[in-house]
Amino acid sequence: MDRPYPRGHPVTEPHPALALAAAVADQLADPHRVSGTWEGQRWWRQSLAHGAPGIALLHIERAAAGLASWQRAHDWLTYAAHGNLTTGSDSHLYYGAPALAHALTSVAAGQPGAYQRALDRLDRAIAADAHRRVAAANARIDAGRLPQLAEFDVIRGITGLGAYLLRRDAAGETTRAVLDYLVRLTDDVTIDGQALPGWWTELGPTGRASDRFPGGHGNNGLAHGIAGPLALLALATLRGITVPGHHNAIGRICAWLDRWRTDTDTGVSWPYWLDRAHHATGRPDRDGAKHLGWCYGTAGLARAQYLAALATGDTARRDLAENALIHALSDPAHSSTTDITLCHGRAGLAHIAAATAADASPPAADQLRSLTSRLLDTVQPEDTDPDALARQLLTPSADSPGLLEGAAGVALAVIAPSTTAKPRSGWDSCLLIA
């Protein structure tokens, strides 16, 4: 088989992509001198996805790993915390109070007790909001209505808040309330005489009504679909936290993914979503399962199922998830992908592959480490000046320099894979992959 990522570096020494992370961090050293038009946007200071808290994570992780001082991290956190902070229904893990709280919590690994008073205030606000959202979601379930993606997903919904709560107060009442709700979310509902999974939404994947999805859809992705709740339920189990029906809920989600899995000569894949026609016929859209990234597609889904397998002791599913990821990353069809972002590009894939390699046993671990190195080669190509590449990633025409689709996310995602060490700050808990 032709290898799409031809160059490799020994995993015993840091990969050159680590120099790219340093170069990006230097370009993003001062929050008051960030180039482009982003700083004038009202959302900029509060957006983990695209703004200041996500950039702060890059400096936090580098400091926690002993690669830089803490001053830049503190400068960015001070900048992000300036002004009014959004709480309540307009906030979520990637925006507002939870976004800043996630960044502040990431400091604790290297500076225990830092920002404790601020975190205590934020925790109270986040817990109150989580209880309100869970109560509203339970009332919606009681009424027999379908959810919106923003009710439960990782980016905007209760699962994202659960990721933060699991980190801050794993055994707490609010965390358990979130897990209880996710168990209920996996129960079937009957709509127009048809049994649908409880996470089926009446809207399209964009979160709006769509003629393409007249009966709504069932979303499988990690960022916006049912793989996010699966990952959170699994991670809670691995931390010794379960609620009644917990393992049954994991089983129902896994059975759903098994039902829609497509097996080919180059591995397995899962569709991004199913519409009512797919559900009625039992046949997925096979052209809708080609994406590979964290947000949608094989890599994110494989990692969520790998965590579920670790949580339940399901060795068959563990092997399936390992092989799905290895085959997908080895497939030459993906070598033409030019995107290197965290959300849906190769930096994110390298991070997922490295996280899975850390959990796997030989020979899967060795294969995943080799693939990780090859992915890093495509992020930081041979003989490419890291400073020039950093400037290229931060051109004023870029959408943002932030976490999910910007230079900070690329830099952050390659640090741990480049050193074959797990993230020191736990920043990636917002991705629900570890």
Query raised in the report: Would you call Asp188 and Arg252 a salt bridge, using N to O less than 4.0 angstrom?
Result: no

Report task. Please step through salt bridge (Lys or Arg N to Asp or Glu O under 4.0 Å) for the pair Arg140 and Asp142, ending with a clear verdict. Result -> CA-CA 5 Å; Arg140 189 268 308 159; Asp142 291 339; over 6 Å; no

Requested in this report: Determine, for Asp129 against Arg124, whether the closest basic-nitrogen to carboxylate-oxygen distance falls under 4.0 angstrom.
Outcome: no

Query raised in the report: When you check the gap from the basic side-chain N to the acidic O, do Arg72 and Asp75 get nearer than 4.0 Å?
Result: no

Query raised in the report: Any side-chain donor-acceptor pair under 3.5 Å between Asn220 and Tyr296?
Result: no

Query raised in the report: Where the side chain of His217 meets the backbone of Glu202, is there a donor-acceptor pair that is under 3.5 Å apart?
Result: no

Query raised in the report: When Leu230 is tested against each of Leu432, Thr186, Ile250 for side-chain contact (heavy atoms from CB on, under 4.5 Å), which residue passes?
Result: Ile250

Query - Pairwise side-chain contact, Gln380 with Ser418, heavy-atom cut-off 4.5 Å (strictly under) - result: no

Query raised in the report: Do the side chains of Val107 and Ser425 get nearer than 4.5 Å, heavy atoms only?
Result: no

Report task. Could you tell me whether Arg156 and Asp90 have a side-chain N and a carboxylate O separated by less than 4.0 Å? Result -> no

Query raised in the report: Under 4.0 Å between a Lys/Arg side-chain N and an Asp/Glu carboxylate O for Arg168 and Asp123?
Result: yes

Query raised in the report: Should the pair Asp120-Arg117 be classified as a salt bridge under the 4.0 Å nitrogen-to-oxygen rule?
Result: no

Requested in this report: Validate the cation-pi geometry between Arg45 and Tyr79: distance from NZ or CZ to the six-membered ring centre under 6.0 Å, angle to the ring axis within 45°.
Outcome: yes

Query raised in the report: Which of these passes side-chain hydrogen bond (donor to acceptor under 3.5 Å, both in side chains) with Tyr181: Arg176, Arg133, Glu151?
Result: Glu151

**Report entry** Parallel, tilted or perpendicular, as decided by the 30° and 60° cut-offs, for the rings of Trp200 and Trp256
**Finding:** perpendicular

Query raised in the report: Taking the side chain from Thr175 and the backbone from Ala171, do they hold a donor-acceptor pair closer than 3.5 Å?
Result: no

